[in-house]
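Step one of this worksheet: look at the structure below.
FYI, the numbering just counts along the sequence from 1.
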Amino acid sequence: LVGSWIVSTTIMAQAQRTAEHDQAVVRTIYEDQLAALRDAVALQAPALAEARARGATGDATITARLARLRGAMGFDFLGVTDDRGLVRRRLSPAGGTGDSVTALAVVRAALAGRVAAASAVLSAAELAREDPALVARAHIRLVPASGSPSPRDTALTAGLVQLAAAPIRDASGRVRGVLYGGRLLNHRPEMVDQVWNLLYRGERYRSEDVGTVTIFLGDVRIATTIRDRAGPRALGTRASAPVAEAVLHRGEPWHRRAFVVRDWYIAAYEPLRALDGTTVGMLAVGVL
């Protein structure tokens with residue numbers, strides 16, 4: 001009995017250390033993606049300033065540069081504002097102009113002269129202003145937990161977005177506008193699949209994936225490697241109540257066992273924070 005307890009405790013402790021290591025990898029990759037978006041807008045802002053200085057002849061140059069930036073970095077939307085935060089140009093032809101985007105913290109930071117990148121939650125209305133096609137991509141049907149009452153809302157319509165913004169300065173150094181852009185993470189499996197392949201390399205046990213990687217908006221899975229019994233990814237399922245209470249409400253990491261969709265995992269959850277420090281979601285990994 002003593003020997004069995006020692007072996008079991010050692011294995012569980014090792015599994016927990018593995019989950020915490022995997023969580024650090026997920027966090028690093030997520031932050032590296034944000035840094036890449038931040039660097040991209042910072043490098044393009046001076047060129048846009050030159051194009052704007054040329055007046056009407058620079059319009060085509062600005063559009064071409066925005067299109068290349070979207071193709072290179074995977075931005076879902078890009079925009080250019082004036083010095084008051086009013087949008088003067090959007091890459092999406094369906095997006096309008098003239099509205100204010102100063103509600104975005106990264107835009108306010110750029111108007112103050114700083115390059116910024118952070119996670120943020122955009123409502124369906126905010127997504128529609130950038131590109132109406134993003135509204136359908138953000139929509140996720142909510143799945144009630146087994147034995148729990150049906151949720152009041154039947155669908156998630158907001159989007160978790162990686163945002164970046166940089167000031168556009170004139171020759172004297174004065175901020176004349178902002179270049180900003182975002183990448184919608186709802187229904188975007190590329191990052192979680194990348195991390196899953198890196199960490200677990202397709203390892204399975206009794207037809208179940210040994211490891212899982214998930215991005216949450218609030219307590220809702222918006223990108224995950226977990227699949228439900230029917231086969232599709234378990235989007236719209238929710239984190240367990242104890243995890244949500246610890247991570248979302250108290251801002252604490254969760255590094256222990258957790259029930260995930262339909263099985264128990266050695267798990268590691270950490271809060272995703274916006275630029276102002278508020279918790280908007282979670283990054284999670286689990287070992288079966």
Could you list the residues that satisfy side-chain hydrogen bond (donor to acceptor under 3.5 Å, both in side chains) with Thr278, not counting sequence neighbours?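 side-chain hydrogen bond (donor to acceptor under 3.5 Å, both in side chains) check on Thr278 returns Asp276.
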
Return the set of residues passing side-chain hydrogen bond (donor to acceptor under 3.5 Å, both in side chains) with Arg38 (not counting sequence neighbours), or none when no residue passes.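 Partners of Arg38 by the side-chain hydrogen bond (donor to acceptor under 3.5 Å, both in side chains) criterion come out as none, since no residue qualifies.
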
In Å and rounded to the nearest 0.5 Å, what is the [atom1] to [atom2] distance from [X] to [Y]?
X      : Y      : atom1 : atom2 : result
Gln33  : Glu190 : CD    : CD    : 9.0 Å
Leu235 : Ile140 : CG    : CD1   : 5.0 Å
Ile222 : Arg233 : CD1   : CZ    : 13.0 Å
Arg65  : Ile62  : CZ    : CD1   : 10.0 Å
Leu199 : Asp22  : CG    : CG    : 4.5 Å
Asn186 : Leu127 : CG    : CG    : 8.0 Å

Going by heavy atoms in the side chains, are [X] and [Y] under 4.5 Å from each other?
X      : Y      : answer
Leu272 : Gln162 : no
Thr157 : Val135 : no
Leu198 : Ile29  : yes
Arg129 : Arg90  : yes
Thr81  : Leu86  : no

Could you walk me through whether Arg183 and Met191 satisfy the side-chain contact (heavy atoms from CB on, under 4.5 Å) test, starting with their C-alpha distance in whole Å, then the side-chain angles of each, then the deciding distance to 0.1 Å, before giving a yes or no? CA-CA 12 Å; Arg183 179 189 289 162; Met191 194 191 87; over 6 Å; no

Taking [X] for the side chain and [Y] for the main chain, is one N or O donor matched with an acceptor at less than 3.5 Å?
X      : Y      : result
Arg221 : Arg238 : yes
Arg273 : Gly251 : yes
Arg70  : Gly181 : no

Looking at Thr212, Thr214, Thr237, which hits side-chain hydrogen bond (donor to acceptor under 3.5 Å, both in side chains) with Thr224?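 Looking at Thr212, Thr214, Thr237, the match for Thr224 under the side-chain hydrogen bond (donor to acceptor under 3.5 Å, both in side chains) is Thr214.
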
Identify the heavy atoms of [X] and [Y] that sit nearest to each other, and give their distance.
X      : Y      : value
Leu78  : Leu66  : CD1-O, 3.2 Å
Leu122 : Glu126 : CA-OE1, 3.3 Å
Leu34  : Ala117 : O-CB, 3.6 Å
Leu156 : Leu142 : N-CG, 3.9 Å
Tyr200 : Gly286 : OH-O, 3.9 Å
Asp83  : Val175 : CB-O, 3.7 Å

Write out all pairs satisfying side-chain hydrogen bond (donor to acceptor under 3.5 Å, both in side chains) with one or both partners inside residues 133-143, taking only residues at least two apart or from two chains.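 Residue pairs passing side-chain hydrogen bond (donor to acceptor under 3.5 Å, both in side chains), neighbours aside: Asp76-Arg137.
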
Would you please test Leu69 and Leu91 for side-chain contact (heavy atoms from CB on, under 4.5 Å) and show each step? CA-CA 10 Å; Leu69 182 58; Leu91 185 58; over 6 Å; no

Indicate if [X] and [Y] have the same hydrophobic cluster label, given that clusters are the connected sets of ILVMFWY residues with side-chain heavy-atom separations under 4.5 angstrom.
X      : Y      : result
Met73  : Ile168 : yes
Leu288 : Ile226 : yes
Val121 : Ile215 : yes
Leu43  : Leu37  : no

Please tabulate, for side-chain N and O atoms in residues 104-112, each donor-acceptor pair with protein atoms closer than 3.5 Å (sequence neighbours left out).
from: Arg108; atom 1: NH1; to: Thr102; atom 2: O; distance (Å): 2.9
from: Arg108; atom 1: NH1; to: Ala103; atom 2: O; distance (Å): 3.1

Starting from the C-alpha separation in whole Å, work towards a yes-or-no answer on side-chain contact (heavy atoms from CB on, under 4.5 Å) for Ile266 and Arg256. CA-CA 6 Å; Ile266 302 298; Arg256 52 187 181 275; over 6 Å; no

Steps toward side-chain contact (heavy atoms from CB on, under 4.5 Å) verdict (Leu163, Leu275): CA-CA 10 Å; Leu163 283 175; Leu275 194 64; over 6 Å; no

Who pairs with Tyr30 by ring pair (Phe, Tyr, Trp, His ring centres under 6.0 Å), at least two apart in sequence or on another chain?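 Here no residue qualifies.
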
Could you work out, with side chain to side chain contact (heavy atoms under 4.5 Å, CB included) as the rule, every residue matching Ala268, not counting sequence neighbours?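 Only Ala19, Gln23, His255, Val285 meet the side chain to side chain contact (heavy atoms under 4.5 Å, CB included) criterion with Ala268.
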
Using the ring of each side chain (for Trp, its six-membered ring), is Tyr269 parallel, tilted or perpendicular to Phe216, with breaks at 30° and 60°?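 Tyr269 vs Phe216 ring planes: tilted.
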
